[in-house]
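Data block below; observations after.
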Amino acid sequence: MSVTSHATKFAAPRTDAAGRIALIGLTLPEMIAALEEHGLPKFRAKQVWHWVYHRGVTDFEAMTNLPRDLRDTLIEKFSIERPGVMTEQKSTDGTMKWLLVMADGQQIEMVFIPESDRGTLCVSSQVGCTLTCRFCHTGTQPLVRNLGPHEILQQIMYARDVLGEWPVAGEKKDANQGRDLTNIVLMGMGEPLYNYANVAKAMQICMDEEGLGISKRRITLSTSGVVPQIVQCGEELNVNLAISLHAPNDAVRSEIMPINNKYPLADLLDACRNYPGLSDNRRITFEYVMLKDVNDSDDQARELAQLLRGIPCKVNLIPFNPWPNSPYECSSGNRIHAFARILNGEGFDAPIRKTRGQDILAACGQLKSESQRAKPTT
Ligand code: SAH
Ligand code: SF4
C-alpha cells in the first residue's frame with residue numbers, strides 16, 4: 001500500500017459496505033488525496049469533483065470525458081451516494097417535505113418552499129437537538145447525533161435531483177435563471193452552530209463556484225444564539241445570519257429558550273452588531289415567534305425596538321405553529337398586526353411570515369423524526 005504525504009492531514013475517508021470510498025463530503029484537497037491513492041493525477045480529481053458537485057452525476061459512466069479504464073477504477077473503488085427517501089409529501093400550497101434516511105438508518109426532515117420570486121430549501125443540521133426551546137417540536141427530540149458534511153450536502157444534492165436543477169454543460173456559473181431552488185436556509189432540525197465544523201465544511205463545498213455554486217448571499221444560517229460560533233461563522237463563512245430571538249428581554253427569553261442563560265442578550269446582540277459585512281442591503285434577520293400572552297404585547301414591541309436599535313436588521317414575525325401537546329397558543333391575527341405596526345412605526349421592517357406547509361407539519365418548528373438515540377448496551 002502506498003503512503004502519501006496527506007496521510008496525517010485528513011481523517012480516514014468513509015467507506016460503504018463494499019469498502020468503496022464515499023466521495024460526497026470530501027473537499028477538493030481530500031478528493032485529490034483519495035484519488036491519488038489509486039494512482040489518479042490531480043487534474044483527474046478536479047474533473048471528478050466537477051462531475052460530482054457541479055453537475056450532480058450519480059453514475060461514473062456519465063463522466064464522459066474520463067477514459068474507460070479510469071471510469072472502471074472509479075466504479076470499483078469509489079461511490080457517490082444519495083440519502084434514502086422514506087416519504088415525500090406535498091402540501092396544498094406546494095410546499096414539499098421529505099423524510100430522508102441516512103446510511104445508519106437515522107431519519108431527518110427536509111422542506112422545500114416554492115414562492116413566486118424564489119424557492120427555499122430548508123436543510124437539517126442534526127438529528128434532534130440538544131436545546132429545548134419550549135415552543136419547538138424538534139426541541140422535544142433529544143439530540144441523536146450531528147449530521148456529517150456529506151449528509152448536509154446530500155440533502156441539497158437530492159433536492160436538485162428531484163427538482164431537475166443540475167446545471168447543464170456550458171451553463172454560466174451560478175446561473176439562477178429559471179431555477180426553482182434558489183436559496184438555502186439552515187433552519188431544519190438541529191442547531192447548526194452546535195455542529196459548526198461539519199456545517200462549515202458542507203457550506204464551503206456548497207458555495208464553491210466549481211462545487212454546487214450557491215453564493216453566500218443565498219444561504220442563511222439560523223441559530224438560537226451560540227455566540228462564539230456566530231463570530232467564527234461570520235469570519236469563515238459570512239453567510240446570511242438569522243437569529244431566533246423571540247423575546248425582548250432576558251427574563252422572557254430565558255424562560256422560553258434556556259440557551260439564553262448561557263449566552264444572554266447583551267452578548268448575543270454584540271456578536272450581531274459585529275457580524276462582518278452588515279449594511280442596509282445585508283441585514284440580520286431576527287426571528288420572533290408570536291406566542292399569545294408571552295411575548296406579544298405593545299410594550300414588548302416597544303422594548304424590542306429599543307433592543308435592536310442601531311443593528312441593520314429586519315424582524316420576521318412568525319405565527320406560532322402548534323404541534324401535538326405544544327404548551328403555547330399563537331397570538332391572534334390582530335395582535336400580530338398591532339405588534340408589527342409598532343415595530344414599523346419605530347423604523348423596522350417587520351414582515352409577518354406566511355405559514356407554509358402546515359397541513360403536512362412542514363412549518364417552522366414542526367419538524368421531528370422518529371429517530372431515537374440507541375439504548376446503551378450493557
Ligand atoms: N436551531 C436553529 C434552526 C432551526 S429552528 C434555530 O433555533 O434558529 C428554525 C426556526 O423555527 C427558528 O427560528 C425557531 O425558533 C423557529 N420555530 C421553532 N418552533 C417554532 C414553532 N412552533 N412555530 C414557529 N416557529 C418555530
Ligand atoms: Fe433546537 Fe432551534 Fe428548535 Fe431551539 S428552535 S430546540 S435550537 S431546533
Side-chain angles (χ1 to χ4, degrees), residues 95 97 108-111 113 120-147 152 155 183-196 198-199 203 219-227 229-230 233 239-247 252-263 268 271-272 284-292 294-296 313-331 336 351-358 361-369 371:
T95 299
K97 181 170 90 165
I108 51 161
E109 293 194 311
M110 173 174 86
V111 177
I113 307 146
T120 305
L121 187 71
C122 180
V123 170
S124 292
S125 56
Q126 298 181 311
V127 184
C129 189
T130 41
L131 299 173
T132 52
C133 306
R134 290 185 57 206
F135 45 81
C136 175
H137 202 195
T138 311
T140 66
Q141 178 182 8
L143 180 75
V144 180
R145 67 170 174 81
N146 283 330
L147 293 182
I152 298 166
Q155 295 174 62
N183 292 54
I184 306 285
V185 292
L186 284 152
M187 262 186 213
M189 293 164 61
E191 169 47 59
L193 294 187
Y194 274 150
N195 184 19
Y196 178 74
N198 290 348
V199 166
M203 287 307 110
I219 299 175
T220 300
L221 183 147
S222 175
T223 177
S224 58
V226 188
V227 169
Q229 271 67 42
I230 291 177
C233 174
V239 293
N240 300 318
L241 188 64
I243 302 285
S244 293
L245 191 69
H246 307 316
V252 175
R253 194 163 194 266
S254 295
E255 192 193 315
I256 61 177
M257 300 182 73
I259 192 175
N260 195 66
N261 292 309
K262 190 158 183 196
Y263 301 114
L268 176 57
C272 291
I284 289 185
T285 302
F286 288 104
E287 320 263 11
Y288 199 97
V289 62
M290 298 301 297
L291 303 173
K292 185 177 177 201
V294 175
N295 64 357
D296 64 350
C313 68
K314 69 170 178 175
V315 182
N316 251 346
L317 299 177
I318 313 175
F320 170 66
N321 292 308
W323 33 271
N325 301 321
S326 49
Y328 298 109
E329 277 177 62
C330 184
S331 313
I336 299 177
I352 300 168
R353 190 186 284 170
K354 239 173 63 201
T355 294
R356 299 289 304 262
Q358 205 166 19
L361 278 186
C364 295
Q366 292 184 316
L367 305 185
K368 182 181 178 180
S369 69
S371 286

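Remember, it's 1-based here, ligands and their atoms both numbered in the order they're listed.
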Fill in: Identity and separation of the nearest protein heavy atom to atom 3 (Fe) of ligand 2
C136 SG, 2.4 Å
Fill in: S331 to D296 - nearest heavy-atom pair and separation
OG-OD2, 2.9 Å
Worksheet, complete the sentence: When distances are taken from atom 2 (Fe) of ligand 2, the protein heavy atom at minimum range is G190 O, 4.4 Å
Discussion item. Atom 4 (Fe) of ligand 2 and C133: any N/O/S contact shorter than 2.8 Å?
Written reply: yes
Worksheet item: Nearest non-hydrogen atom to atom 3 (C) of ligand 1 belongs to which of S222, S244, C129?
Response: S222
Discussion item. Taking atom CG as the centre, does N261 end up with more than 12 heavy-atom neighbours from other residues, nucleotides or ligands that are less than 6.0 angstrom away?
Written reply: yes
Worksheet item: If every non-hydrogen atom of Q155 is compared with every non-hydrogen atom of L121, which pair is closest and at what distance?
Response: O-CD2, 4.2 Å
Worksheet entry | Among I152, L131, T138, N146, the one residue meeting side chain to side chain contact (heavy atoms under 4.5 Å, CB included) with Q126 | N146
Response to the item:
Quick look: N321 vs ligand 1, heavy-atom contacts under 4.0 Å, and the answer is both
Fill in: Candidate with minimal heavy-atom separation from atom 15 (O) of ligand 1, of M290, E191, H137, H246
H246
Worksheet item: Any sub-3.5 Å donor-acceptor pair from N316's side-chain atoms to T285's backbone N or O?
Response: no
Worksheet entry | Residue portion contacting ligand 2 (non-hydrogen atoms closer than 4.0 Å) for C129 | side chain
Item to complete: Pull out every atom of ligand 2 sitting under 4.0 Å from any heavy atom of G139, numbered as shown with elements.
Response: 6 (S)
Practice prompt. Would you mind listing which atoms of ligand 2 come within a distance below 4.0 Å of any non-hydrogen atom of L131?
Written response: 6 (S), 7 (S)
Worksheet item: For ligand 1, which atoms sit closer than 4.0 Å to a heavy atom of G188?
Response: 4 (C)
Worksheet item: Once you round to the nearest 0.5 Å, how far does CG of L143 lie from OG1 of T132?
Response: 12.5 Å
Item to complete: Examine H137 and say whether one of its N/O/S atoms is closer to atom 3 (Fe) of ligand 2 than 2.8 Å.
Response: no
Discussion item. I need the atoms of ligand 1 closer than 4.0 Å to a non-hydrogen atom of I318, numbered in the order shown.
Written reply: 24 (C), 25 (N)
Worksheet, complete the sentence: Under 4.0 Å from one or more heavy atoms of W323, ligand 1 contributes atoms 22 (N)
Practice prompt. Classify the angle between the aromatic ring planes of W323 and H137 as parallel (below 30°), tilted (30 to 60°) or perpendicular (above 60°).
Written response: parallel
Worksheet item: Under 3.5 Å, is there a donor-acceptor pair between the E191 and S125 side chains?
Response: no
Practice prompt. Taking Y288 for its side chain and N295 for its backbone only, find out whether a donor-acceptor pair lies under 3.5 Å.
Written response: yes
Discussion item. Within the structure, is a non-hydrogen atom of C330 found at a distance of less than 4.0 Å from ligand 1?
Written reply: no
Worksheet entry | Interfacing atoms of ligand 2 (cut-off 4.0 Å, heavy-atom, S224) | 7 (S)
Item to complete: Answer side chain, backbone, both or neither: which part of M189 comes under 4.0 Å from ligand 1, heavy atoms only.
Response: neither
Practice prompt. Return yes when Y328 approaches ligand 1 closer than 4.0 angstrom through a heavy atom, no otherwise.
Written response: no
Discussion item. Could you tell me, atom by atom, which parts of ligand 1 come under 4.0 Å of a heavy atom of S224?
Written reply: 6 (C), 7 (O), 8 (O)
Worksheet item: Is there a donor-acceptor pair under 3.5 Å between the side chain of H246 and the backbone N or O of R253?
Response: no
Worksheet item: So is P192 polar-close to ligand 1, meaning N/O to N/O under 3.5 Å?
Response: no
Practice prompt. Apply the side chain to side chain contact (heavy atoms under 4.5 Å, CB included) test between M187 and each candidate in P192, S222, S244; give the one that qualifies.
Written response: S222
Worksheet item: How long is the span from the CE atom in M110 to the OG atom in S124, to the nearest 0.5 Å?
Response: 9.0 Å
Discussion item. At less than 4.0 angstrom from any non-hydrogen atom of V289, what atoms of ligand 1 do you find?
Written reply: 23 (N), 24 (C), 25 (N)
Discussion item. Tell me whether G190 has any N or O atom under 3.5 angstrom from an N or O of ligand 1.
Written reply: yes
Discussion item. Can a donor-acceptor pair be found, under 3.5 Å and without considering hydrogens, that links the side chain of N260 to the backbone of M257?
Written reply: no
Response to the item:
So for T223 against ligand 1, with non-hydrogen atoms under 4.0 Å, the contacting part is backbone
